Amino acid sequence: MAVPLLDLSRQYSYLKDTMDKAVLDVLDHGRFILGPEVTELEEKVAELSGVKFGIGVASGTDALLVALRACDVGPGDEVITTDFSFFASAGTISRLGANPVLVDIDPDTYNIDVNKIESAITDKTKVIMPVHLYGQIADMDMILKIAKKHNLKVVEDAAQAIGAEYKERPAGSFGDYGCYSFYPSKNLGAGGDGGMVVTNTLENYKLCRSLRAHGENPKYYHRIVGYNSRLATIQAAMLLVKLPYLREWSEKRRAHAKIYNDAFEGIAGIKRPVVASYSNFHIYNQYTLASNKRDAICEGLHKAGIGNCIYYPVPFHAQDCFGSLGYNSSQFPASLKASKEVFSIPIYPEMTEAEQSEVIKTVIKLSK
Ligand SMILES: *Cc1c(COP(=O)(O)O)cnc(C)c1O
């Protein structure tokens, strides 16, 4: 039996009536950019994140870009982030002319190693940007403590973690800014690109709103140069249909993760995801295993028609475009190892019991 890595059509099949109506309503009212659904979504996502404001933008990447700009990151500045994430986490720092300062990861959670942050701080550092990889929040108490001590801002890359919790507090509520992605394959996905910045202060909110619309404030008056990064109303309308299901979907992902964890317990050569004690609600945007036979296992999964993906095969320090930063692999043993060993398997909420059994059986067979 083939099992896809993700199948969005299943979600659509039970949301179809409300989803179609929500989209058609936007076609009717015609306010295609930053329409009333965007405002409603901003309010609801802010509430879910435990903060006051949301700013809808065109993608998760743009959410990072806007948040970093709002922290006044520019040429010559440094932003501390993880060596192991989706490209946008470091790419946005570079696009602003700043330097990503890369920190190795904790080998268990794959999130930034908080014990290595302080030694990376210089007088050029402006921001610490942790990434909540795979849906598990980084060790925010430590990060906030360090940021406070050194007077740094914090931007959370929560693109994989909307709905996740750390010590009962939601992703997005810790930093000066939290950034979400609504890319279709994320755990809360739109019908195209979309993203959001969340923040708790009116001043930050106003700045991000201005930055997403060419820096204008008021309309047609510009003290700063911003972006064209507005959220399309149709995307917000689709997300409003999905938002009420988010918790239930996260619970289902967690239930699937538990079944996987039990099935892979004691299987030699397979490392299961490690949930940190502070991480009370990992939402498993990805379910990621590790094995030193990773490449052979993935090849076998492909042959068996079982969806799988390597997030991520090349750490930032080893990307050609970051060669000029002058890092070498010996500085990043944990992220290098992760890039050679991790692979993710299907965990979407609608996956059936039979499909999950098939995935389990195949992974175990291939790991022998
Ligand atoms: C998906 C993702 C982004 C970028 O979001 P887009 O909506 O694709 O632009 C940024 N950071 C991480 C960790 C992501 O997974």
Side-chain angles (χ1 to χ4, degrees), residues 5-6 8 38 41 45 54-69 73 79-96 100 102-103 105 109-112 127-138 140 143 154-164 171-172 174-175 177-198 208 211-212 227-232 234-236 238-239 242 253 282-288 309-316 319 322 335 338-339 342 344 347-348:
L5 185 62
L6 175 66
L8 289 171
V38 173
L41 183 74
V45 170
I55 305 98
V57 294
S59 68
T61 304
D62 278 8
L64 297 175
L65 209 54
V66 164
L68 290 170
R69 261 293 294 279
V73 169
V79 175
I80 293 176
T81 194
T82 169
D83 185 46
F84 190 64
S85 176
F86 177 63
F87 184 73
S89 311
T92 47
I93 298 167
S94 285
R95 282 172 64 188
L96 291 169
L102 304 173
V103 171
I105 55 170
T109 63
Y110 306 111
N111 278 324
I112 191 166
V127 174
I128 304 174
M129 185 165 78
V131 180
H132 306 325
L133 205 69
Y134 306 144
Q136 171 161 239
I137 298 179
M140 291 311 298
I143 291 167
V154 174
V155 172
E156 295 173 69
D157 181 344
Q160 299 183 3
I162 189 168
F174 300 91
Y177 301 93
C179 300
Y180 297 125
S181 164
F182 304 129
Y183 186 78
S185 65
K186 298 283 158 84
N187 64 318
L188 180 66
D193 277 308
M196 193 169 292
V197 181
V198 293
C208 290
L211 281 165
R212 81 169 164 194
Y227 308 103
N228 171 6
S229 185
R230 300 164 299 209
L231 183 59
I234 285 180
Q235 305 307 343
M238 290 179 68
L239 290 163
K242 290 187 174 194
R253 286 173 180 274
H282 185 331
I283 54 107
Y284 296 96
N285 194 55
Q286 285 93 338
Y287 183 87
T288 303
C309 193
I310 296 167
Y311 308 105
Y312 295 92
V314 185
F316 292 150
Q319 294 286 358
F322 293 136
S335 78
S339 71
V342 296
S344 303
I347 183 108
Y348 56 100

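Just so it is clear, the model here is predicted, and its values are computed rather than measured. Order of appearance sets the numbers: ligands from 1, and atoms from 1 within every ligand. Below, all heavy atoms of this structure are taken into account, side chains as well, without hydrogens, waters or symmetry copies.
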Which residues satisfy the side chain to side chain donor-acceptor pair (under 3.5 Å) test with Asp83, sequence neighbours excluded? His317, Ser335

Ala159 to ligand 1: N or O pair under 3.5 Å? no

Ligand 1 atoms nearer than 4.0 angstrom to some heavy atom of Val131 are 13 (C)

With heavy atoms of Ala88 as the reference, note each atom of ligand 1 found under 4.0 Å away. 4 (C), 10 (C)

Using salt bridge (charged side-chain N to carboxylate O under 4.0 Å, His left out) as the criterion, list what pairs up with Arg212, not counting sequence neighbours. Glu42

When rounded to the nearest 0.5 angstrom, what is the spacing between CG in Asn187 and NZ in Lys242? 10.0 Å

A student checking ligand 1 against Ser85 at a 4.0 Å heavy-atom cut-off should list atoms 13 (C)

Identify, for atom 1 (C) of ligand 1, the protein heavy atom at the shortest distance, and state residue, atom and that distance. Lys186 NZ, 1.5 Å

Starting from atom 3 (C) of ligand 1, find the nearest protein heavy-atom neighbour and note its residue, name and distance. Phe86 CD2, 3.5 Å

Gln160 versus ligand 1: do any nitrogen or oxygen atoms come within less than 3.5 Å of each other? yes

Quick one: does Leu8's side chain get under 4.5 Å of Pro184's, heavy atoms only? yes

Sub-4.0 Å heavy-atom approach of Gly195 to ligand 1: no

Is there a polar contact between ligand 1 and Ser181, counting only N or O atoms under 3.5 Å apart? yes

Ligand 1 atoms nearer than 4.0 angstrom to some heavy atom of Ser89 are 11 (N), 13 (C)

Taking all heavy atoms of Leu68 and all of Met129, pick out the closest pair and write down the distance. CD2-SD, 4.2 Å

Nearest-contact summary for atom 9 (O) of ligand 1 - protein heavy atom, Å: Thr61 OG1, 2.5 Å

Say whether, by atom type as modelled, one donor and one acceptor occur between the side chain of Ser89 and the main chain of Ser85 under 3.5 angstrom. no

4.5 Å side-chain heavy-atom contact, Tyr312 and Phe86: yes

Aromatic ring proximity, centroids under 6.0 angstrom, Phe87 and Phe322: yes

Residue-level breakdown please: for Asp157 versus ligand 1, do any non-hydrogen atoms fall below 4.0 Å on the side chain, on the backbone, on both, or on neither? side chain

Do we see a donor-acceptor contact under 3.5 Å between the side chains of His132 and Gln160? no

Closest by any non-hydrogen atom to atom 8 (O) of ligand 1: pick that one out of Tyr183, Tyr180, Phe84. Tyr183

